Amino acid sequence: MTTSMTTNTMPTTTPMVQAEDVRKHFGHLQVLKGITLQVERGEVFCIVGPSGSGKSTFLRCINHLEKVDGGRLAVDGELVGYRQQGDKLHELKEHEVAAKREQIGMVFQRFNLFPHMSVLDNITEAPMRVKGEPRHAATERAQVLLERVGLADKHAAFPNHLSGGQQQRVAIARALAMQPKLMLFDEPTSALDPELVGEVLDVMRQLADDGMTMVVVTHEMGFAREVGDQLVFMDGGVVIESGHPREVLNNPQHQRTRSFLSKVL
C-alpha cells in the first residue's frame with residue numbers, strides 16, 4: 001500500500017505517539033475519519049466513547065495490527081508500519097513491522113493466554129522466541145513481573161485455573177516481559193466480573209506511577225479521572241472532545257459528550 005503524506009519536522013521533544021489525520025476504512029465503511037492527537041512520554045492517555053466509535057481500531061493502528069489508509073502515525077518519532085520515500089509512505093515487510101511491534105505492549109479485552117502453557121511459560125515465551133533471551137534471564141524477569149502484579153505464587157498454574165482478573169494480570173506481565181516503551185490497553189476490564197475489575201486497575205495504576213506511557217481504551221471513568229493525564233471522547237470515527245480527564249468528565253463542552261457521559265457516569 002502507498003499513501004500520500006505531508007512532510008513535517010519532528011519537534012525537539014518527540015511525543016511517544018503522534019497521529020496526524022489518521023484514516024481507516026473496512027470496505028465502504030470509514031471507521032477512522034481523520035484522527036489527530038499526541039501522546040507525550042509518561043502520559044496515561046485515555047480514550048472513551050460508544051461502541052463502534054473507532055477506539056479499538058485506532059489502538060490497533062498504533063502497532064500496525066490494522067493498516068492505516070491515510071494520514072501518518074508515528075511511535076517515538078518513527079513511522080508505524082511504513083517507511084518514507086519522498087512524499088510517499090511504503091509499507092514495511094512483515095519482519096520489519098514485527099521488530100518495531102516488539103517495543104509496544106498490548107493487552108486485549110480477552111486475555112489470549114496460551115491455555116497449554118503455565119503462567120511462567122506464557123510470560124517467557126516471547127522474550128525467548130522473539131528476542132532470543134536465555135531461559136534463565138527470561139525466567140528471572142517473569143518472576144519479578146509476577147510479583148509486581150501480585151501473582152508470584154501462580155507461576156506453575158495454568159490459565160484455566162485462574163480467575164479472569166488473574167489471567168488479565170498475567171497478560172499484563174506477559175506484555176511487560178518484552179520491556180516495551182509503550183503499553184496499549186483495549187478495554188482490559190470489559191470481560192471481567194465487576195468484583196475483579198479493581199485488581200487489574202490497581203496494576204495499571206502502579207504502571208502509571210512508574211512512568212509507563214499508556215494508551216487506554218476504557219469504560220472505567222473513575223480510572224480515567226483518577227489516573228489519566230489526557231482524555232479524548234471519540235464518536236463516529238472522529239475526536240469530538242479532548243482535554244484533562246477531570247475537565248472533560250466534569251464539564252463536557254460538546255452535546256454528544258454530555259449525552260454519552262450522562263449514560264455512563
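None of these values were measured; they are calculated from a predicted model.
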Query raised in the report: Heavy atoms, side chains only, cut-off 4.5 Å: are Met204 and Val227 in contact?
Result: no
Requested in this report: Check whether any side-chain heavy atom of Arg60 lies under 4.5 Å from a side-chain heavy atom of Lys24, and answer yes or no.
Outcome: no
**Report entry** Backbone N/O of Gln38 and side chain of Gln230: donor-acceptor pair under 3.5 Å
**Finding:** yes
**Report entry** Stepwise side-chain contact (heavy atoms from CB on, under 4.5 Å) test for Leu37 and Phe58
**Finding:** CA-CA 11 Å; Leu37 55 80; Phe58 176 72; 3.8 Å; yes
Requested in this report: Flag yes if more than 12 heavy atoms outside Arg83 fall under 6.0 Å of its CZ atom; otherwise flag no.
Outcome: yes
Query raised in the report: If only atom types and distance count, is the side chain of Arg101 paired as donor or acceptor with the main-chain N or O of Asn63 below 3.5 Å?
Result: yes
**Report entry** Side chain Arg258, main chain Pro252, donor-acceptor under 3.5 Å
**Finding:** yes
**Report entry** Whether Asp186 side chain and Ser56 backbone form a donor-acceptor pair below 3.5 Å
**Finding:** no
Query raised in the report: Quick one: does Arg110's side chain have a donor or acceptor within less than 3.5 Å of a partner on Phe108's backbone?
Result: no
Query raised in the report: Does the side chain of Ile172 come within less than 4.5 Å of Gln206's, by heavy atoms?
Result: no
Query raised in the report: Taking side chain as C-beta onward, heavy atoms only, is Phe45 less than 4.5 Å from Val232?
Result: yes
Requested in this report: Begin from the C-alpha positions of Arg205 and Glu226 and carry the test salt bridge (charged side-chain N to carboxylate O under 4.0 Å, His left out) through to its verdict.
Outcome: CA-CA 9 Å; Arg205 287 187 185 93; Glu226 177 190 346; 3.2 Å; yes
Query - Side chain Lys55, main chain Met234, donor-acceptor under 3.5 Å - result: no
Requested in this report: Report yes or no: does Gln84 contribute a side-chain atom to a donor-acceptor pair with the main-chain N or O of Gly86 at less than 3.5 Å?
Outcome: yes
Report task. Using the side-chain contact (heavy atoms from CB on, under 4.5 Å) rule, take Glu133 and Gln179 through it: C-alpha gap first, then chi angles, then the decisive distance, then the call. Result -> CA-CA 12 Å; Glu133 285 191 6; Gln179 301 177 284; 4.0 Å; yes
Query raised in the report: Checking side-chain contact (heavy atoms from CB on, under 4.5 Å) for the pair Glu199/Gln166: CA distance, chi angles, key distance, verdict?
Result: CA-CA 8 Å; Glu199 62 191 49; Gln166 290 172 329; 4.2 Å; yes
**Report entry** Pairing of Lys67 and Glu91 as salt bridge, 4.0 angstrom limit
**Finding:** yes
Report task. Would you please classify the geometry between the His219 ring and the Phe260 ring as parallel, tilted or perpendicular, with 30° and 60° separating the classes? Result -> tilted
Query raised in the report: Crowded around Glu147 CD? As in, over 12 foreign heavy atoms under 6.0 Å?
Result: no
Report task. Before giving the answer on side-chain contact (heavy atoms from CB on, under 4.5 Å), spell out for Leu192 and Phe111 the whole-Å C-alpha distance, their side-chain angles and the decisive distance to 0.1 Å. Result -> CA-CA 10 Å; Leu192 301 179; Phe111 325 119; 3.7 Å; yes
